[in-house]
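Hydrogens, waters and symmetry mates are skipped; everything else that's a heavy atom, side chains included, is used. Letters A, B, ... mirror the listed sequences (proteins, then strands); counts begin at 1. Only a predicted model underlies this, so the values are computations on that prediction, with no experimental measurement involved.
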Protein chains: 2
Amino acid sequence: MRRADIAAPRPYIPSMSRAAPYNRETAIDAALALFWRRGYHATSLKDLEGALSMKPGSIYAAFNSKEALFREALQLYRNRSEKNVRARAKSAASPLEALAEHARRTGRPKSGSPAGCILVKTVLELADEPSQAGEDARTYLREMQDLFFALFEQARASGELPTGADSRRLARRFQSNMFGLAVETLRGSPAEDLAALADDMAEEVLRLRQRQ
Amino acid sequence: MRRADIAAPRPYIPSMSRAAPYNRETAIDAALALFWRRGYHATSLKDLEGALSMKPGSIYAAFNSKEALFREALQLYRNRSEKNVRARAKSAASPLEALAEHARRTGRPKSGSPAGCILVKTVLELADEPSQAGEDARTYLREMQDLFFALFEQARASGELPTGADSRRLARRFQSNMFGLAVETLRGSPAEDLAALADDMAEEVLRLRQRQ
DNA sequence: TTTGGAATTGAGTGATCGCTCAAATGCGCC
DNA sequence: GGCGCATTTGAGCGATCACTCAATTCCAAA
């Protein structure tokens with residue numbers, strides 16, 4: 001909002017010399033961690049200043065708006081998730097084994113990451129307000145489901161699943177199970193209960209195999 | 001915050017005569033609907049004024065704080081949920097049938113209610129900030145799980161389930177499934193996909209029956 | 001009819017929000 | 001060495017936040 005009156009020049013009061021230029025990837029990473037824990041609305045610019053070690057002018061110069069930064073954080077999360085799923089698919093003995101392993105890992109959160117899934121949190125937090133970020137989160141969840149679908153299709157193609165199996169329905173159910181796990185981690189389920197839940201879900205996937 | 005200076009008496013400007021006294025249950029109901037859709041942080045006092053048809057002074061006189069009102073809304077939700085589950089248990093042919101029906105209903109949200117589950121939303125939104133409301137939501141989810149546990153125990157006692165069945169594990173899994181459905185309704189799954197998911201979950205419960 | 005007090009009002013409080021912008025810094029290039 | 005410009009700063013903007021409180025209304029009781 002441009003000032004209507006002509007203000008006196010404001011004295012600049014440097015505290016220290018100017019900060020080193022920010023690293024974009026590092027900044028987005030820090031923003032992701034913060035938004036993931038606090039959610040969108042409960043994270044203020046002041047919080048972001050601290051996490052990114054950037055002042056408001058710099059944050060807005062680099063990212064344009066709080067929501068734009070949030071969207072970049074969501075995208076980083078989505079890209080990492082996809083990378084993880086693809087890497088797992090590559091190293092697993094079979095598509096169903098990859099899905100089972102994904103379930104087990106989801107039920108054993110790493111101590112270094114915030115709990116749950118930021119896409120799930122965002123979809124719930126922004127469900128009632130039209131926003132680009134909310135739209136992004138829904139899109140990314142659909143894309144994650146597509147990854148699961150592709151794995152179930154591979155399992156069909158390879159004979160691991162019967163040709164009559166409904167890959168879309170299986171993918172939908174599998175993702176819903178992952179949503180359940182995400183909520184469980186945030187409601188504070190004991191680690192062993194969470195792991196047991198995840199193992200049950202993994203077992204369910206493996207039980208889909210055709211007997212050979 | 002008491003005024004430091006002695007201010008002139010403020011002229012009172014009535015718009016209409018004083019509002020009729022509020023109805024506490026109606027007010028909490030309206031607050032529940034609003035918090036359920038918008039979430040805690042994204043709901044302002046201004047929003048609550050509109051939904052409750054009360055002015056700030058009255059809201060604070062009646063409820064003490066925004067969080068206290070939110071907690072009452074959560075409690076109302078929890079009590080209604082328990083009532084629904086108990087009523088269903090009473091009218092169902094068997095405990096497992098009651099649980100199956102609960103799953104089906106959860107996957108077919110009523111058009112008059114906001115989507116999903118406010119307890120799940122709250123647990124996710126307030127996961128990172130210590131608050132009474134967050135604690136309440138976690139407690140109420142545990143209590144809901146206890147209801148499911150009691151039903152699985154009844155199924156064991158009646159022979160509907162084998163005596164070796166682990167009711168706690170089953171209740172935990174069942175609730176996690178309901179969490180998945182809650183997220184699905186908020187991510188905008190098509191009604192038929194949601195219903196199909198819920199039906200699959202219901203079928204799983206019924207498949208637990210011992211063959212008679 | 002009068003009075004006391006419960007209930008409501010709504011302007012306003014101090015704080016915080018997302019964001020802007022003039023001033024200053026510092027680096028690369030000439 | 002000087003200059004141009006990209007980048008950073010941080011006070012401060014207009015708006016909104018949760019909440020307060022003196023003034024008023026209105027009802028029940030005396």
Side-chain angles (χ1 to χ4, degrees), chain A residues 1-24 26-27 31 34-35 38-73 126 129 131-133, chain B residues 1-24 26-27 31 34-35 38-73 126 129 131-133:
Chain A
M1 58 300 280
R2 202 165 295 279
R3 303 163 72 111
D5 54 327
I6 315 267
R10 286 175 291 155
Y12 179 69
I13 311 160
S15 53
M16 295 282 271
S17 54
R18 198 171 90 186
Y22 79 105
N23 174 278
R24 192 175 183 84
T26 301
L34 193 58
F35 280 127
R38 299 286 193 85
Y40 180 66
H41 286 291
T43 301
S44 65
L45 255 299
K46 191 167 186 153
D47 296 324
L48 288 166
E49 283 176 49
L52 278 61
S53 297
M54 287 169 80
K55 296 292 189 177
S58 301
I59 293 178
Y60 284 91
F63 300 107
N64 280 310
S65 70
K66 180 186 172 187
E67 186 181 5
L69 174 56
F70 185 53
R71 295 181 69 195
E72 294 225 37
L126 303 184
E129 64 192 80
S131 68
Q132 290 297 324
Chain B
M1 55 300 284
R2 202 166 294 281
R3 300 163 74 113
D5 56 326
I6 314 270
R10 287 175 289 155
Y12 180 71
I13 310 160
S15 54
M16 296 280 271
S17 53
R18 196 171 93 185
Y22 79 106
N23 175 276
R24 193 176 181 85
T26 303
L34 193 59
F35 281 128
R38 299 287 192 82
Y40 180 67
H41 286 292
T43 300
S44 66
L45 253 300
K46 193 170 184 144
D47 297 324
L48 288 166
E49 281 176 51
L52 278 61
S53 297
M54 287 170 79
K55 295 292 188 176
S58 301
I59 293 177
Y60 284 92
F63 301 106
N64 280 310
S65 68
K66 180 185 172 187
E67 186 181 5
L69 174 56
F70 184 53
R71 293 181 72 195
E72 292 224 41
L126 304 184
E129 64 191 78
S131 68
Q132 290 296 324

*asked:* Does the plane of the ring in A:Phe63 sit parallel, tilted or perpendicular to the ring in A:Tyr22? Use 30° and 60° as the thresholds.
replied: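 Answer is perpendicular, since the angle exceeds 60°.
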Counting only side-chain nitrogens and oxygens, does [X] get under 4.0 Å of the OP1 or OP2 atom of [N]?
X: A:Lys66; N: C:dG18; value: yes
X: B:Ser58; N: C:dT9; value: yes
X: A:Ser44; N: C:dT16; value: no
X: B:Tyr60; N: D:dT20; value: no

*So what does A:Ser53 hit on the nucleic acid, given a heavy-atom distance under 4.0 Å: a base, only sugar-phosphate, or nothing?*
nothing
*Which atoms form the tightest heavy-atom contact between A:Tyr60 and A:Lys66, and what is the distance?*
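Taking every non-hydrogen atom into account, CE2-N, 4.1 Å.
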*Locate the shortest heavy-atom distance separating A:Ala31 from A:Leu52; write the atom from each residue and the value.*
N-CD1, 3.8 Å
Just how far, in rounded Å, is [atom2] of [N] from [atom1] of [X]?
X: B:Asn23; N: C:dT8; atom1: CG; atom2: C1'; value: 16 Å
X: A:Met54; N: D:dT8; atom1: CE; atom2: C1'; value: 9 Å
X: B:Leu48; N: C:dG10; atom1: CG; atom2: C1'; value: 16 Å
X: A:Arg38; N: C:dT16; atom1: CZ; atom2: P; value: 14 Å
X: A:His41; N: D:dC17; atom1: NE2; atom2: P; value: 11 Å
X: A:Glu49; N: C:dG18; atom1: CD; atom2: P; value: 10 Å
X: A:Leu69; N: C:dG18; atom1: CG; atom2: C1'; value: 13 Å
X: B:Ile59; N: C:dT8; atom1: CD1; atom2: P; value: 11 Å

_Please check: side-chain N/O of B:Glu67 versus main-chain N/O of B:Gln132, any donor-acceptor pairing under 3.5 Å?_
yes
*Identify which nucleotide among D:dA11, C:dC17, D:dA18 has an atom closest to any side-chain atom of B:Leu45, counting heavy atoms from C-beta outward.*
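Output: D:dA18.
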*B:Ala61 side chain: which of C:dT8, D:dT9, D:dC19 is closest?*
C:dT8
_Residue mapping more 5' on DNA chain D - nearest nucleotide basis, B:Glu67 or A:Tyr22_ =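 Looking at DNA chain D, the more 5' nearest nucleotide goes with A:Tyr22.
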*All side-chain contact (heavy atoms from CB on, under 4.5 Å) counterparts of B:Ser53, not counting sequence neighbours*: none
